[in-house]
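Just below is one structure, and these are the notes that go with it.
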Amino acid sequence: MSPSPRRLRLDDIPACLDLAINRGWLPEEPRWKMLLSCGEGWAIEDPNGSLSAVVLLTRFPPDLAVIGMMLVRENRSRQGLGRQLMEHVLVRAHPATVFLYATEMGRPLYEKLGFVPVDAVARHLGNWTSPAREPAPQVRAMAAQDMNTVLALDRRAFGADRSDLLIPLVNIAACALVLERNGAIDAFGLAWQNVGRMQLGPIVAPDQEAARALIDALARGHEVPVRVDLQVGQAELTSWAREHGLTAHPPTPLMVLGGKDLPGERSRLIAVATLATG
Ligand SMILES: CC(C)(COP(=O)(O)OP(=O)(O)OC[C@H]1O[C@@H](n2cnc3c(N)ncnc32)[C@H](O)[C@@H]1OP(=O)(O)O)[C@@H](O)C(=O)NCCC(=O)NCCS
């Protein structure tokens, strides 16, 4: 019988990075810090004090939640720890609609728990070659007074309140941009530094023109490769991203518990913030 899950604290991050490395994931300290500050992490400890398994639950009021960073140490896998932690956070998330992005390894566990694939995103990674000398003129830096508009735009697209994720993310972002047309902001995007690359996302935009303008403005001028996780089903956008230096990786399924409909105008969600949060 394994011990009960305990809450993860910020000072557990080195142990989380150790576990990530154990499963061949990058030790993404900025991402763990951000995720643990806006969501709740749970862990199962080994008798020797290291972590055997971790998972993160992030809630988006009023009734949406996401599970991410599900990791079980390799020598403890297939012993029920993944299921134990998943069941623990599913009880805590109830009655919210729960979604996650599933790796190939995670998918059998999630299917057994009742998650159903409903959509997917594809990681795009590479060195950006900009299509224009200058960024689109409608794009400008996000100002503090834009925050309420940005949060409202995000809520319309995502169908729930992501303030607890977006406000800290804007604060650490290398670049936070809005797109203004006819005197109103109708799109925004962030770029933030992760390990060895610049992560773009979230990007929320009502159409392809705005999406392209934001991706180009966010991706240009970095010395490291950029990564953007684009919703699949945007064929023109993904082939344009490929033409400008990004390589597409196989899609990662978006799974929802019970196959429920997700709220929001999801066609506006061009790129996710991270796979652990949507
Ligand atoms: C995916 C992962 C978390 C599973 O954890 P685990 O502790 O090994 O899973 P469990 O032992 O709790 O298995 C739960 C169920 O899923 C099934 N399952 C787990 N891994 C499986 C696999 N690779 N293939 C087929 N079935 C699998 C088990 O049969 C089990 O079913 P049962 O409870 O009815 O017997 C673990 O393999 C892992 O950390 N992988 C690397 C990181 C990763 O990809 N995480 C997922 C991120 S979305």
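First listed ligand is number 1; within each ligand, the first listed atom is number 1. Just so you know, residue 1 is the first one in the sequence shown, and it goes up from there. In this text, all values refer to a predicted model and were calculated from it rather than measured experimentally.
Applying the salt bridge (Lys or Arg N to Asp or Glu O under 4.0 Å) definition to pairs two or more places apart or across chains, those involving residues 267-278 are Glu265-Arg268. Screening residues 137-146 for salt bridge (Lys or Arg N to Asp or Glu O under 4.0 Å) gives Arg140-Asp146, Arg140-Glu180 as the qualifying pairs, with residues at least two apart or on separate chains. Pairs engaging residues 48-71 under the salt bridge (Lys or Arg N to Asp or Glu O under 4.0 Å) rule: Glu40-Arg59 [sequence neighbours left out].
Between Glu74 and Asn22, the side chains place no donor N or O within less than 3.5 Å of an acceptor N or O (distance only, hydrogens not considered).
Taking a heavy-atom cut-off of under 4.0 Å, ligand 1 is surrounded by Arg23, Trp25, Met70, Leu71, Val72, Ser77, Arg78, Gln79, Gly80, Leu81, Gly82, Arg83, Tyr101, Ala102, Thr103, Met105, Gly106, Pro108, Leu109, Tyr110, Lys112.
Ion pair Asp46/Arg73 not flagged as a salt bridge, since none of the NZ, NE, NH1 or NH2 atoms sits closer than 4.0 Å to an Asp/Glu carboxylate oxygen.
Checked against the 6.0 Å centroid criterion, the rings of Trp128 and Trp240 qualify as a close aromatic pair.
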